[in-house]
**Q** 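Got a structure for you, questions after.
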Amino acid sequence: MSSLSQTPLINALQSVAARSHAAFYTPGHKRGQGAAKSLANLIGKTALQADLPELPDLDNLFAPQGVIQTAQALAANTFGAEQTWFLVNGSTCGIEAAILATCQPGDRLILPRNAHQSAIAALILSGAIPIFVEPEYDAEWGIAHSITPASVTEALTQHSDARAILMVSPTYYGVCGDVEAIAAIAHTHNIPLIVDEAHGAHFAFHPELPSAALASGADLVIQSTHKMLSALTQAAMMHVQGVRIVPARVAKALQLVQSTSPSYLLLASLDAARQQMATQGQELLSQTIELADRARMQLSQIPGLAVLSLDRAGTPGCVAIDRTRLTVDVTGLGLTGFEADEILHQQMGVTAELPSLRQLTFIFSIGNTSADVDCLLQGFDTLSKRFAQPSQARLNSPELPLPIPPAPLSPRDAFFAASDTILMTEAIDRICAELVCPYPPGIPVLLPGEQITAEAIHYLQQVVAMGGIITGCADETLQTISVVRSA
Ligand SMILES: Cc1ncc(COP(=O)(O)O)c(C=O)c1O
């Protein structure tokens, strides 16, 4: 049996869980014996017995020398990294640690304006100064793609002292940027490229999927193993290669952003998901691709629907598209994505990952079945028969994303400054103290430290009037906003 087909952490956990002993350690349910009945009924005795702390046979996540070290080494080997860390707080903690490990307070970090909110959290934690690069905007679909090599070069021309580049690839819509070219640019400047590959942990295991960020030369890559592979929710990995990242700094940063009591159920699920990919990845993903291809082809023939086509690969900010990700525009049905989502979810038993103003995005993974696809097709067929109108015009997108406003304060300074909540109508020229991100298109309009402009308020109000949603801020109705207190 090849070592990649072994599951050291699963085996160790299973054997410790099966050993009978008097438990005088955490967690308080003591291997399920004191668990509330309601929880035991929900998750079962076996899961509770394996919910164990860092016992001697189970190694230590923050100083691994035993089974965790072995399981992480197998993961590095499987994903093509030099070193891999298991994460128990999602890609969120990986992105935070990646930035903490590469940027000191005041250092500049180049990143896309539509980076995940964990990157904004990392700016606050680290004190790094963001150099935002606008992602390419696809006006026809009203969605933001990746950043381009040209825009990164431009940012580096203006900020040659930048300490690192972060990019998101793939996006939530499965759109991949040119990681290879951007890695080459970063390396010419002798700085690392960090890739938020939260949605791309499956890429390394099938030749028909876009190339994985590590294979394209990225230095530090963060993947939500729980999103696209079979690990439990929150279980993720971070991989490193090359000489531009100091692994000891990453390990130190990870201690800041993770629990000192990591769940062994999550850790073991990473070992299992890794082994599953190493032994059956291509075969399982072939089935997933086949299901997604069938859905894509048949949905595109249903009146009133448009499917984000793989042909868009090669347009700016989109070098490839993950064919296991399906985005369906429903405006030809005279419905918003939110309305279609509610009908599909409530009445047809079909639930999307990401509903938006004009479209719905569906994740296909190794867990989906042919029956799921039949259900999806049936649901959309019924919707189409009920709603499609012969000449239904597609909704206009909200207008193009706004230019990035001036930022008198860093995200960190704005976060720690005293703040007030005031009426949005009185907020012009004040400094924003929170993140304000409208969907669509998922590009923040305001971040902590940025000046609130009349243009920004008008834009946000338009998105709300069109039925879009605002995320990131305390008052998502936008009546009020949190601002830095005036001196
Ligand atoms: C692009 C992107 N990056 C990072 C994350 C954070 O991942 P996690 O949920 O594993 O913390 C997400 C979550 O949706 C995401 O979409």
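Remember, it's 1-based here, ligands and their atoms both numbered in the order they're listed. All heavy atoms count here, side chains included; hydrogens, waters and symmetry mates do not. Since the structure is predicted, the reported quantities are computational estimates derived from the model, not experimental observations.
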**Q** Below a 4.0 angstrom heavy-atom separation, can you tell me which part of Ile95, side chain or backbone, both or neither, approaches ligand 1?
**A**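 The answer is the side chain of Ile95.
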**Q** Among protein heavy atoms, which lies nearest atom 13 (C) of ligand 1, and at what distance?
**A**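 I find the closest protein heavy atom is Lys227 NZ, 3.0 Å.
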**Q** Heavy atom of His226 under 4.0 Å from ligand 1?
**A**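 Under 4.0 Å: yes for His226.
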**Q** Which atoms of ligand 1 sit under 4.0 Å from any heavy atom of Tyr172?
**A**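 What qualifies from ligand 1 is 16 (O).
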**Q** Hey, are Arg312 and Glu140 close enough for a salt bridge, meaning a charged N less than 4.0 Å from a carboxylate O?
**A**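 A salt bridge is present here (some side-chain N lies under 4.0 Å from a carboxylate O).
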**Q** Should Glu450 and Arg113 count as an ion pair when the cut-off is N to O under 4.0 Å?
**A**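 Salt bridge between Glu450 and Arg113, a charged N being under 4.0 Å from a carboxylate O: yes.
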**Q** Check each atom of ligand 1 against the heavy atoms of Ser224 and keep those under 4.0 Å away; list them by number with element.
**A**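 The list of qualifying atoms is 7 (O), 8 (P), 10 (O).
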**Q** State whether the number of non-hydrogen atoms from other residues, nucleotides or ligands found under 6.0 Å of Arg163 atom CZ is greater than 12.
**A**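 Counting other residues, nucleotides and ligands, CZ of Arg163 stays at 12 neighbours or fewer.
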**Q** Tell me whether Glu208 at atom CD has more than 12 heavy atoms from other residues, nucleotides or ligands lying less than 6.0 Å away.
**A**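 Yes, the 6.0 Å shell around CD holds more than 12 heavy atoms from other groups.
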**Q** Check each heavy atom of Ser91 against ligand 1 and say whether those closer than 4.0 Å belong to the side chain, the backbone, both or neither.
**A**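 The part of Ser91 near ligand 1 is both the backbone and the side chain.
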**Q** Could you name the option among His116, Glu353, His199, Glu96 that has the heavy atom nearest to atom 6 (C) of ligand 1?
**A**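 Looking at heavy atoms only, His116 sits closest to atom 6 (C) of ligand 1.
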**Q** Which residue and atom name correspond to the protein heavy atom nearest atom 1 (C) of ligand 1, and how close is it?
**A**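 Going atom by atom, the protein heavy atom closest to atom 1 (C) of ligand 1 ends up being Asp196 OD2, 3.4 Å.
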**Q** More than 12 foreign heavy atoms under 6.0 Å from OH of Tyr439: is that the case here?
**A**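 Result for OH/Tyr439: open.
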**Q** Among all protein non-hydrogen atoms, which one is nearest to atom 11 (O) of ligand 1, and what is the separation to 0.1 Å?
**A**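 Looking only at protein heavy atoms, the one closest to atom 11 (O) of ligand 1 is Thr92 OG1, 2.5 Å.
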**Q** Taking the six-membered ring for Trp, are Phe205 and Phe79 parallel (under 30°), tilted (30 to 60°) or perpendicular (over 60°)?
**A**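 Perpendicular, since the angle between the ring planes exceeds 60°.
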**Q** Is there side-chain contact between Asn89 and Gln234, with heavy atoms separated by less than 4.5 Å?
**A**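 Answer yes - side chains close enough.
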